[in-house]
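Here the structure is laid out as structure tokens; the discussion comes afterwards.
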Number of protein chains: 2
Amino acid sequence: MSLSIGQVAERTGLSVHALRFYEQEGVFVDPVRRGPGGRRVYSQDDVDWLTVCIILRTSGMPLPALRRYADLVREGAGNEEERLALMREHQERVTGQIGRLTQCLDLIGFKVGVYEDLLDEARPAVEPGRPRPSDGGAAPASTPGTSA
Amino acid sequence: MSLSIGQVAERTGLSVHALRFYEQEGVFVDPVRRGPGGRRVYSQDDVDWLTVCIILRTSGMPLPALRRYADLVREGAGNEEERLALMREHQERVTGQIGRLTQCLDLIGFKVGVYEDLLDEARPAVEPGRPRPSDGGAAPASTPGTSA
DNA sequence: GCTTGACCTAGAGCCGACTCCAGCTCCTAG
DNA sequence: CTAGGAGCTGGAGTCGGCTCTAGGTCAAGC
């Protein structure tokens with residue numbers, strides 16, 4: 001089954017520009033075939049490969065690394081150690097990134113909490129018996145920058 | 001306590017360039033004070049604020065949003081809803097991002113697994129009685145792009 | 001008095017990853 | 001036969017977020 005660049009763009013979500021750009025950057029494992037009039041013809045394999053590429057890109061793999069990976073695959077069997085190394089390296093970067101984001105999420109959640117408390121403390125007339133959210137939540141010493 | 005730009009750079013990890021750039025971009029809540037000779041003088045509050053900024057930036061908040069947030073804080077009390085909205089929006093972006101990365105990590109982990117299997121299947125001389133890791137692991141129909 | 005080093009400003013440059021443009025070729029339908 | 005649409009190429013432009021340069025001020029130390 002073969003697809004035009006437009007069709008591939010449609011089903012991968014990449015733009016036709018990006019597809020040509022990727023090709024030029026050596027991201028494809030085998031050269032994209034050409035049909036009559038020099039038009040690009042993509043196979044299902046190409047699309048599958050692109051799917052992988054998209055996932056790697058989405059997770060922050062830079063284009064040069066993607067190209068490197070494509071190079072290795074193009075070379076064929078025998079370089080699996082290097083492919084593995086590349087993947088592992090990326091894996092670590094991604095887990096690291098997730099870790100970092102999760103930490104950030106802590107502060108963000110804290111801030112959200114502070115503003116929520118602030119707002120539903122200010123709005124409903126305070127019921128006398130109801131235990132107020134314990135004070136100091138806005139700026140505990142351990143949490144920086146809570147003054148805002 | 002007051003710090004020079006160099007000292008702030010040192011303890012935040014930002015470059016002096018970045019600090020001046022952030023200032024120019026309106027990221028600071030109050031204008032950075034100036035000492036003799038027009039030199040910037042930072043307070044602990046400035047550093048605390050920067051710490052928050054760094055966390056927000058690290059988690060992918062774009063500078064314009066950061067500036068917006070600073071604007072709100074500068075305005076003072078009364079716009080907490082908007083601050084909350086801003087934070088919540090960011091919170092969602094970050095959780096979304098974590099989700100996406102975690103998904104990607106699936107494929108990456110899968111790939112790593114494939115290469116590991118491939119390698120320790122090829123290297124140690126196969127012991128006759130040992131059950132080989134069941135075949136087909138390299139390209140199950142459900143997992144795209146496993147041909148590489 | 002000269003160098004060194006930290007700082008200042010305004011503005012240019014860079015990097016990654018596209019995105020868009022000009023000017024062309026085809027093919028198909030009206 | 002001509003207008004539209006999809007595709008082609010090479011190269012320029014964009015955007016975000018810094019990073020660096022040039023040219024200058026100032027204070028301290030030799």
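Since this is a predicted model, take the numbers as computed values, not measurements. In what follows, chains are A, B, ... by sequence order, proteins preceding strands, each numbered from 1.
For Glu75(B) and Arg83(B), the salt-bridge test fails: no basic side-chain N is under 4.0 Å from an acidic carboxylate O.
In this entry the distance linking CZ of Arg33(A) with C1' of dC8(D) reads 18 Å, nearest Å. We find that CD of Gln24(B) is positioned 9 Å from P of dT9(C), with the value rounded to whole Å. When the C1' atom of dC18(D) is taken as reference, atom CD of Glu25(B) falls 10 Å away, rounded to whole Å. Atom P of nucleotide dG16(C) and atom CE of Met61(A) are separated by 16 Å, given to the nearest angstrom. Leu50(A) places its CG atom 16 Å from the P atom of dA17(C), with the value rounded to the nearest Å. What separates CZ of Arg34(B) from P of dC26(D) is a distance of 14 Å, to the nearest Å. Leu56(A) places its CG atom 13 Å from the P atom of dA17(C), with the value rounded to the nearest Å. The nearest whole Å value for the distance from the CD atom in Glu23(A) to the P atom in dA17(C) is 18 Å.
The minimum heavy-atom distance linking Gly60(A) with His90(A) is given by the pair C-CE1, 4.0 Å.
The side chain to side chain contact (heavy atoms under 4.5 Å, CB included) test with Leu101(B) is passed by exactly one of Thr58(A), Leu101(A), Thr95(A): Leu101(A).
Phosphate proximity of dG17(D) to Arg67(B): absent, as no side-chain N or O sits under 4.0 Å from OP1 or OP2. Contact annotation: Tyr22(A) side-chain N/O to dC18(C) OP1/OP2 distance is under 4.0 Å. Put simply, Arg40(A) has a side-chain N or O that comes within less than 4.0 Å of OP1 or OP2 on dT9(D).
Within residues 3-21 of chain B, the residues approached by DNA chain D to less than 4.0 Å at the level of any non-hydrogen atom are Ser15(B), His17(B), Ala18(B), Phe21(B), in residue-number order.
Looking at the side chain of Pro64(A), the nearest of the listed nucleotides dG17(D), dA17(C), dC8(C) is dA17(C).
The aromatic rings of Phe28(B) and Tyr42(B) are tilted relative to each other, their planes meeting at an angle between 30° and 60°.
Under a hydrophobic clustering in which Ile, Leu, Val, Met, Phe, Trp and Tyr are joined whenever their side-chain heavy atoms come within less than 4.5 Å, directly or via other members, Ile5(A) and Leu3(A) fall into the same cluster.
Contacts of Gly38(A) with the nucleic acid, taken as non-hydrogen atoms under 4.0 Å apart, involve only primed sugar atoms and P, OP1 or OP2. No engagement by Pro36(A) is indicated, since no non-hydrogen atom pair under 4.0 Å with the nucleic acid exists.
Annotation: side chain of Glu82(A) is in contact with side chain of Arg68(A) (closest heavy-atom distance under 4.5 Å).
Under 3.5 Å, the side chain of Arg57(A) and the base of dA17(C) form no donor-acceptor pair of N or O atoms.
Between the axis at the start and the axis at the end of the helix from dG1(C)-dC30(D) to dG30(C)-dC1(D) there is an angle of 30°, using five pairs per end and rounding to 10 degrees.
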